[in-house]
J.: 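Could you have a look at this structure, given as structure tokens, before my questions?
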Amino acid sequence: MKSSNQTWYSSPVGILHLKTDGESLTAAHFSDAKPALATHPSNHLVIRQAITQLDEYFEGKRAAFDLPLAPDGTDFQQSVWKKLQEIPFGQTITYGELAEMLGDVNKVRAVGKANGKNPIPVIIPCHRVIGANNKLVGYGGGIENKRWLLQHEGALLL
């Protein structure tokens with residue numbers, strides 16, 4: 001049986017299309033795939049680990065992911081995605097605070113664009129970045145899913 005380097009994972013926030021280069025997770029895009037597709041098994045260790053860790057996260061048993069990641073992006077995008085991984089579980093920061101963490105408060109829009117291009121949402125927690133005045137804005141998986149993830153983590157009250 002040929003080993004697939006991708007699979008679809010059905011989660012409480014929708015279907016994630018998981019991809020690997022064989023050594024690292026390269027994507028976990030939100031997908032419009034039919035739920036029946038969300039059952040494809042994979043023999044790739046990285047994908048199996050991602051599924052296990054996602055299951056634990058959604059069951060409330062995991063607060064941080066420990067996976068080899070290789071998202072494809074520019075150097076600036078990579079720097080943003082690395083900073084996203086430093087935001088603790090259950091906490092949020094604003095786009096302005098993220099820009100400040102990266103050393104330039106004037107790059108709020110660039111930070112927002114890089115955040116929106118995150119190819120590994122949930123695992124690289126771009127949902128933890130919110131707008132000014134604690135407003136929920138901009139999430140590739142939809143604002144309701146962002147709200148769900150933040151409530152799941154205890155960062156938002158119901």
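Only heavy atoms go into these numbers, but all of them, side chains included; no hydrogens, no water, no symmetry mates. Computed from a predicted structure; not experimentally measured.
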J.: What pairs of residues pass the salt bridge (charged side-chain N to carboxylate O under 4.0 Å, His left out) test when at least one of them lies in residues 63-90, not counting sequence neighbours?
T.: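 Listed by first then second residue: Lys83-Glu86.
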
J.: CZ/Arg62 to OG1/Thr52 distance, rounded to the nearest 0.5 angstrom?
T.: 8.5 Å

J.: Can you give me the closest heavy-atom contact between Pro71 and Ile120, atom names plus distance?
T.: CB-CD1, 4.0 Å

J.: Could you walk me through whether Thr20 and Gln6 pass the side chain to side chain contact (heavy atoms under 4.5 Å, CB included) check?
T.: CA-CA 6 Å; Thr20 180; Gln6 62 183 341; over 6 Å; no

J.: Under 4.5 Å between any side-chain heavy atoms of Phe58 and Leu149, yes or no?
T.: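 Sidechains of Leu149 and Phe58: in contact.
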
J.: Quick one: does Gln77's side chain have a donor or acceptor within less than 3.5 Å of a partner on Thr74's backbone?
T.: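 Judged by distance alone, yes, a pair lies under 3.5 Å.
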
J.: Lys61: what forms a salt bridge (Lys or Arg N to Asp or Glu O under 4.0 Å) with it, not counting sequence neighbours?
T.: Glu59

J.: Does anything in residues 91-102 form a salt bridge (charged side-chain N to carboxylate O under 4.0 Å, His left out)? List the pairs, not counting sequence neighbours.
T.: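 The answer is none; no pair qualifies.
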
J.: Can you check whether Trp8 reaches Leu18 side chain to side chain, under 4.5 Å on heavy atoms?
T.: no

J.: Rounded to the nearest 0.5 Å, what separates atom OG in Ser79 from atom CG in Leu102?
T.: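 Between atom OG of Ser79 and atom CG of Leu102 there are 5.0 Å.
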
J.: Can you confirm whether Leu84 sits close enough to Leu98 that some side-chain heavy atom of one is under 4.5 Å from a side-chain heavy atom of the other?
T.: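 A side-chain contact under 4.5 Å exists here.
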
J.: Strictly by ring pair (Phe, Tyr, Trp, His ring centres under 6.0 Å), give each pair with a member in residues 75-96 just once, sequence neighbours left out.
T.: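 Listed once each, the pairs would be none.
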
J.: Going by the salt bridge (charged side-chain N to carboxylate O under 4.0 Å, His left out) test, which pairs reach into residues 104-122, not counting sequence neighbours?
T.: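 Salt bridge (charged side-chain N to carboxylate O under 4.0 Å, His left out) check on residues 104-122 returns no pairs.
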
J.: Is there a path of hydrophobic side-chain contacts, each under 4.5 Å between heavy atoms, that joins Val105 and Val108?
T.: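 Val105 does not cluster with Val108.
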
J.: Just to verify, what does Glu144 make a side-chain hydrogen bond (donor to acceptor under 3.5 Å, both in side chains) with, not counting sequence neighbours?
T.: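 side-chain hydrogen bond (donor to acceptor under 3.5 Å, both in side chains) check on Glu144 returns Arg147.
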
J.: I need the minimum non-hydrogen distance between Ile143 and Leu136, along with the two atoms involved.
T.: CD1-O, 3.8 Å

J.: Would you name the heavy atoms of Ala155 and Gln91 that are closest together and state the gap between them?
T.: CB-N, 4.2 Å

J.: Suppose we screen for side-chain hydrogen bond (donor to acceptor under 3.5 Å, both in side chains). Which residues come up paired with His152, at least two apart in sequence or across chains?
T.: none

J.: What pairs with Phe65 under ring pair (Phe, Tyr, Trp, His ring centres under 6.0 Å), at least two apart in sequence or on another chain?
T.: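 Partners of Phe65 under the ring pair (Phe, Tyr, Trp, His ring centres under 6.0 Å) test: Tyr57.
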
J.: Is there a donor-acceptor contact under 3.5 Å from the side chain of Asn115 to the main chain of Val111?
T.: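 Judged by distance alone, no pair lies under 3.5 Å.
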
J.: List the steps, then state whether side chain to side chain contact (heavy atoms under 4.5 Å, CB included) holds for Ile15 with Phe30.
T.: CA-CA 6 Å; Ile15 295 174; Phe30 282 99; over 6 Å; no

J.: Could you tabulate the donor-acceptor pairs under 3.5 Å formed by side-chain atoms of residues 21-29, not counting sequence neighbours?
T.:
unit_1: Asp21; atom_1: OD1; unit_2: Glu23; atom_2: N; d: 2.8
unit_1: Asp21; atom_1: OD1; unit_2: Ser24; atom_2: N; d: 2.7
unit_1: Thr26; atom_1: OG1; unit_2: Lys19; atom_2: O; d: 3.3

J.: Taking distance alone, no hydrogens or angles, what donor-acceptor pairs closer than 3.5 Å link side-chain atoms of residues 123-132 to residues at least two apart or in another chain?
T.:
unit_1: His127; atom_1: NE2; unit_2: Glu153; atom_2: OE2; d: 2.8
unit_1: Arg128; atom_1: NE; unit_2: Glu153; atom_2: OE1; d: 2.8
unit_1: Arg128; atom_1: NE; unit_2: Glu153; atom_2: OE2; d: 3.4
unit_1: Arg128; atom_1: NH1; unit_2: Ile87; atom_2: O; d: 2.7
unit_1: Arg128; atom_1: NH2; unit_2: Glu153; atom_2: OE1; d: 3.4
unit_1: Arg128; atom_1: NH2; unit_2: Glu153; atom_2: OE2; d: 3.0

